[in-house]
Amino acid sequence: MSVSRRADTWEISESEEDTDIETKPQLNHDEISQSTTVSSHCRDRPLRDQHPSSYLKRKTSPATRSSSDRTPASLPHHGSDAPGPARKRRSREEVEADRERAREGREVKERQRASRAQEKVERRQEQQRRREAAENLRSLRPENCLKSLTVCIDPALLQHDGSDILLDTLAAYEWRFSIESQQHPHSITWTRDVPQQEGGSLGLLEENETVLLLGQTDFLDMVISVKKMLNSEGEETGMGSFLSPLLEHLNRDAKKVVTLLVTESQQDYRTDAFGAPSGLGIGSMDVEEVLVYLQLCKNISVVFLEGWQDVTNHVCAVTKALSKRPYKLLTERTELPFCVDGSWASGVRVERDGSGLIQVWSKQIQQLNRVSPGVASTVTAAYSSPQLLLQAYQYLGSEEERKGLLAGLIVKSEGKDRRVGPEVSARVYRCFTAQNPQLVLD
């Protein structure tokens, strides 16, 4: 009687809905005990260890489950003591091979990383070199180079009347000038600021140009001294006070270029056709002989001027010429003058894809004397590169055959066709095979 009351009480518990009470059949004692056992067993285990289907059945309608589902034997077993799949044991050789492959992979990645880092450093260095080259090229332009020049004036020149014209002109042009003692009195020199290789600081470079101002009296003394030297078979003794140290300095440094500016404030002397003063007891032939000697033997030029305005104009002209010199030297330093950047100098521009090389090859042959564009085109049509021409020379056995290799080529023109000829063929052969750079091709 008590068992039935317990079942009725369990059936009408608050955890169940009213509909279940009406439709649920009566359970016997064994089913009640089994359900109680299963419920307690499921409450003791976590929900994640329970079977999903049984969990859903219990959650939605535990009263409709069958007796077989409520038994503990029907629940899946997920215990940790279940046997897993057998794991294959690796040998020592396989472990070592895996370690070796891993080590090689790490080394490959390390080398790739180092290679990328090296390439990045090289790219940065190349960009830095390009920036420095572009900056140096901009500094060599005349307008920029003029700012780095300094006109050095000897203080003795300021004692002359009219020297303020020179200083005012330099200040008006905003050119740099300095008043400092020079090696030769009454002289003007130039210095240039150039970047140093280490540290990036600026250094001073002394230009080769030197201007020396002389009066009429000093010039006459110089003419007499040089004339005596020429009559004594080249003995440089007994020179004037300024000419002796000047000649000694020129003997030590042959690259120096000296210009003597002969001026006189008093216009009491007439000048002849050569610009030399006359009426001073010295013949024009003597003056001319002295001027030729100074120009050819000592690299000294003599210019006759009327006053300080002409001196100022000469100094300004020399300053502008010095500002243009670095850029001109850079353009004239090209290894292949027939291959210039652009077509403005009868050159050919070579693109990255190689277009233009055949035109450069033709221009190179035209550098030879008496080689027309038609002859050059004929040679380049037969041999499209210098390498092919050199290989053709190597295949021939004798020297005469090599010299006459190009003689039989036909040059087509508007008139009648002609051959290249043995003379041009021999000249081209000597040009490309001679070992002596001083060899005369003609």
Side-chain angles (χ1 to χ4, degrees), residues 149-173 175 177-191 207-227 239-247 249-250 256-322:
L149 284 175
T150 302
V151 184
C152 305
I153 305 173
D154 189 76
L157 292 176
L158 302 181
Q159 301 176 3
H160 294 263
D161 296 336
S163 59
D164 55 340
I165 299 177
L166 175 61
L167 301 181
D168 294 342
T169 303
L170 295 178
Y173 285 145
W175 293 350
F177 64 91
S178 63
I179 310 298
E180 55 186 18
S181 300
Q182 303 297 316
Q183 184 176 3
H184 304 287
H186 299 83
S187 65
I188 299 175
T189 59
W190 286 263
T191 58
E207 298 289 344
N208 296 328
E209 296 288 337
T210 301
V211 172
L212 184 61
L213 271 70
L214 297 178
Q216 293 283 1
T217 304
D218 295 332
F219 175 72
L220 294 178
D221 294 341
M222 181 193 68
V223 171
I224 294 173
S225 300
V226 173
K227 188 64 177 176
M239 289 288 183
S241 58
F242 77 92
L243 192 57
S244 295
L246 179 61
L247 294 179
H249 179 69
L250 293 177
K256 285 291 183 180
V257 179
V258 179
T259 302
L260 301 180
L261 303 182
V262 181
T263 62
E264 184 61 44
S265 59
Q266 298 178 0
Q267 302 295 329
D268 296 336
Y269 306 107
R270 299 184 303 273
T271 57
D272 57 12
F274 297 100
S278 59
L280 297 177
I282 299 177
S284 59
M285 294 300 297
D286 297 333
V287 175
E288 182 180 1
E289 183 180 0
V290 171
L291 296 180
V292 171
Y293 169 77
L294 294 176
Q295 177 69 43
L296 298 181
C297 299
K298 300 302 179 180
N299 201 16
I300 298 177
S301 301
V302 180
V303 180
F304 297 95
L305 302 176
E306 295 182 359
W308 270 93
Q309 185 60 51
D310 294 340
V311 173
T312 302
N313 295 338
H314 183 86
V315 172
C316 293
V318 174
T319 305
K320 292 181 180 179
L322 291 176

**Request:** Kindly indicate, with the supporting measurements, whether the criterion side-chain contact (heavy atoms from CB on, under 4.5 Å) is fulfilled by Leu294 and Met222.
**Result:** CA-CA 11 Å; Leu294 294 176; Met222 181 193 68; 3.8 Å; yes
**Item:** For Gln182 against Ile153, the heavy-atom pair lying closest together
**Value:** NE2-N, 4.2 Å
**Item:** Taking every non-hydrogen atom, the tightest pair across Lys227 and Val290
**Value:** N-CG2, 4.4 Å
**Request:** First locate atom OG1 of Thr259, then atom CG of Asn299, and finally report the distance between them rounded to the nearest 0.5 Å.
**Result:** 8.5 Å
**Request:** Kindly indicate whether the side chain of Glu207, heavy atoms from C-beta on, has any atom under 4.5 Å from the side chain of Leu149.
**Result:** yes
**Item:** Nearest heavy-atom neighbours spanning Glu209 and Trp190
**Value:** O-CE3, 3.7 Å
**Request:** Answer whether the closest heavy-atom distance between the side chains of Leu167 and Leu158 falls below 4.5 Å.
**Result:** yes
**Request:** Kindly determine whether Val211 and Val311 satisfy side-chain contact (heavy atoms from CB on, under 4.5 Å), including the steps that lead there.
**Result:** CA-CA 10 Å; Val211 172; Val311 173; 5.9 Å; no
**Asked** Could you go step by step and tell me if Phe177 and Leu166 meet the side-chain contact (heavy atoms from CB on, under 4.5 Å) rule?
**Response** CA-CA 10 Å; Phe177 64 91; Leu166 175 61; over 6 Å; no
**Request:** State, to 0.1 Å, how close Pro185 and Leu212 come at their nearest heavy-atom pair, and which atoms those are.
**Result:** O-CD1, 3.0 Å
**Trp308 and His160 aromatic ring geometry - parallel, tilted or perpendicular at 30°/60° bounds** = tilted
**Request:** Please name the pair of heavy atoms, one in Ser163 and one in Leu157, separated by the smallest distance, quoted to 0.1 Å.
**Result:** CB-O, 3.4 Å
**Request:** Report the distance from atom CD of Gln309 to atom OG1 of Thr263, rounding to the nearest 0.5 Å.
**Result:** 13.0 Å
